[in-house]
Amino acid sequence: MTPSDIPERMQRVKDSVPLVPFLDRSGHKLRQVGAGKWVMLCPFHNEKTPSFNVSEQQQRYHCFGCGAGGDIIDYLVETRSLTNVEALELLESTAGLPTFANYTPPKPAPAEPQKPLEPMSEARFGAWETACENLWHHDHEIKRIAAWRGFSPDTLRGAAAAHLMGLWSYFGEMREAFLVQAPEDFFYPAETLPPGEKRRDTLLPHAIHCRLAGQTPGNRHTKQSWRYDPAGSKAWPFIWGSPFGAKWIFILEGQWDAMALADLCGWHSPSHMPPHTCIIGLRGATSWKLMLHATHGLPIDPEACAIAIGDADVAGAKWYEPGGFIETLRGRVKKLITFKPTHPGCKDFNDLTKGHHITAVEFLAWVKARLRRHPWMRPGPAQTFYQFCQTLAKGEGDQALTARNIINDPNHPRGRRKSSVYRTYWRMLKLPEAELQYRRGLLDLWRSPLNPTLSQA
């Protein structure tokens, strides 16, 4: 057997690794509903009633909820973002099968020095500009894509005018495609600059990201597929707006989701974006690693606030794994909030917008409310400490007496000050230790959940 005997190897794996025990070992809860028939909750979409059916006789699965179907190879390809060959080799190692029988690999040729990636040539970018103009003028395609994705035609024309989206000829057909851009530093490292020259904040065109519909030239499968032209290009994210110096960064799992957010908010082109705001659409489950690369990643401002909008599926759940995207991003920005679709039948943000399950006012109000909630203000006093003492001074007892002593001091700090400001001022007064203890106790009460004036908003 040679490496080219892929069909025979796949059949051998399917015979050696039964699908039902494999799904059971993967943590799924299966329930038998008949002879050789099982059901479980679908791993590809959210559901409460199991619609994912597995046949022991055919060694295949089919979900009547989302239409997903296939064999054990397809399952690994979809859930772990593997290629068919990678899934095959993983199963062969799991089953203890020899990967190749009686096969001696040829000696590898001497490795040539890897050429650094280069930005798109002027001639190729000129062809891309033509592709964008073709989309801008093609009303039928604009209306078709707008109806399919639930976008306004203005957003699609804005993407075409900004040279972010076009109709690109690939495998002999015109396909909707997106521009891939990368920071200038990626192509021209800082050490290559002439002395005294400063790097510009610039994104350079790198490649084209093409969508291949199911069962079209270049894609014999029923599901859509995405390819880079040229092949081997890096999976840089889709960027709507400028990431340089952005203070508010929306990050979504795909470029369609990124455009859905721009469309929802009425930011019909990158030039319509609010100042210091950027939308980023990732391209694949692991492309965030390149975006957050310590050396070649996007220059994210450490004072920025990030809003990560994931998908409600298996790939979206991987964002939250230890060492995953959310944990890595949290260490790169000042504040991070996360959002995930919860409406039934909605897997991603584009589903929410297309189904009109969310409005721009609702979403942006939700974002603003979360961004205002700084960690040290959760929950925070509705009153300042001085106002708090004024309230207590109306009562009786040691607390009221201490509060009156504080507010009767004409030089006492006022306004919304931190506890450390009051403590420092009292030490300067060289108050008796007993008086200091009473005052510190009031500070602790002001900041504690026992304070009846705390805002629970």
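Position 1 is the first residue of the sequence; numbering continues from there.
With sequence neighbours left out, the side chain to side chain contact (heavy atoms under 4.5 Å, CB included) criterion links Ala213 to Arg211, Thr216. For the side-chain hydrogen bond (donor to acceptor under 3.5 Å, both in side chains) test, residues two or more places apart in sequence or in another chain that qualify with Tyr386 are Arg414.
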query = Under the side chain to side chain donor-acceptor pair (under 3.5 Å) criterion, do Thr402 and Arg404 qualify, and how do the steps go?
reply = CA-CA 5 Å; Thr402 304; Arg404 286 194 288 269; over 6 Å; no

message = Go through it in stages, so that I can follow the logic: the residues are Arg440 and Glu433, the test is salt bridge (charged side-chain N to carboxylate O under 4.0 Å, His left out), and I'd like the CA-CA distance, side-chain angles, deciding distance and then a yes or no.
response = CA-CA 10 Å; Arg440 290 167 181 164; Glu433 186 62 29; 3.7 Å; yes

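Between Phe339 and Phe363, the gap from one ring centroid to the other is short of 6.0 Å.
Of the inter-residue distances, the one linking Asp139 atom CG with Leu156 atom CG reads 11.5 Å to the nearest 0.5 angstrom. Atom NE2 in His357 sits 10.5 Å away from atom OG1 in Thr342 (nearest 0.5 Å). From Leu252, atom CG reaches atom CD1 of Ile279 across 7.5 Å, with rounding to the nearest 0.5 Å.
A heavy-atom distance below 4.5 Å is found between the side chains of Leu23 and Tyr75. Side-chain atoms of Leu203 and Phe244, non-hydrogen and from C-beta on, do get closer than 4.5 Å to each other. You'll find the side chain of Leu392 reaches within 4.5 Å of the side chain of Phe388, heavy atoms only. Counting only heavy atoms from C-beta outward, the side chains of His293 and Leu298 never approach each other to under 4.5 Å.
Note: Phe151 and Trp256 have tilted aromatic rings, judged against thresholds of 30 and 60 degrees for the angle between ring planes. Between Phe187 and His206, the ring planes lie tilted relative to each other; the angle falls in the 30° to 60° range. Aromatic ring pairs are classed by plane angle as parallel below 30°, tilted from 30° to 60° and perpendicular above 60°; the pair Tyr422 and Trp426 is tilted. Between Phe52 and Phe44, the ring planes are tilted. Angles from 30° to 60° get that label. Aromatic ring pairs are classed by plane angle as parallel below 30°, tilted from 30° to 60° and perpendicular above 60°; the pair His268 and His272 is perpendicular. Using cut-offs of 30° and 60° on the angle between ring planes, the pair Phe238 and Phe178 is perpendicular. Classification of the His412-Tyr425 ring pair by plane angle, with boundaries at 30° and 60°, yields perpendicular. Note on ring orientation: taking the six-membered ring where Trp is involved, the planes of Phe125 and His163 are perpendicular (angle over 60°, cut-offs 30° and 60°).
Heavy-atom neighbours of Trp128 CH2 from other residues, nucleotides or ligands within 6.0 Å: above the threshold of 12. Other residues, nucleotides and ligands place no more than 12 heavy atoms under 6.0 Å from the NZ atom of Lys223. No more than 12 heavy atoms of other residues, nucleotides or ligands lie within 6.0 Å of NE2 in His276, so this atom counts as exposed by the packing criterion. For CD of Glu122, the number of neighbouring non-hydrogen atoms (other residues, nucleotides, ligands) closer than 6.0 Å is 12 at most. Within 6.0 Å of CD on Gln399 lie no more than 12 heavy atoms contributed by other residues, nucleotides or ligands.
Trp38 and Asn53 share no donor-acceptor pair across their side chains, judged by distance under 3.5 Å alone. In this model, no donor atom of one side chain and acceptor atom of the other lie less than 3.5 Å apart for Thr328 and Arg330. Counted by atom type alone, Ser51 and Glu47 present one or more donor-acceptor pairs between their side chains at under 3.5 Å.
Between Leu41 and Pro50, the shortest heavy-atom distance links the atoms CD2-N, 3.8 Å.
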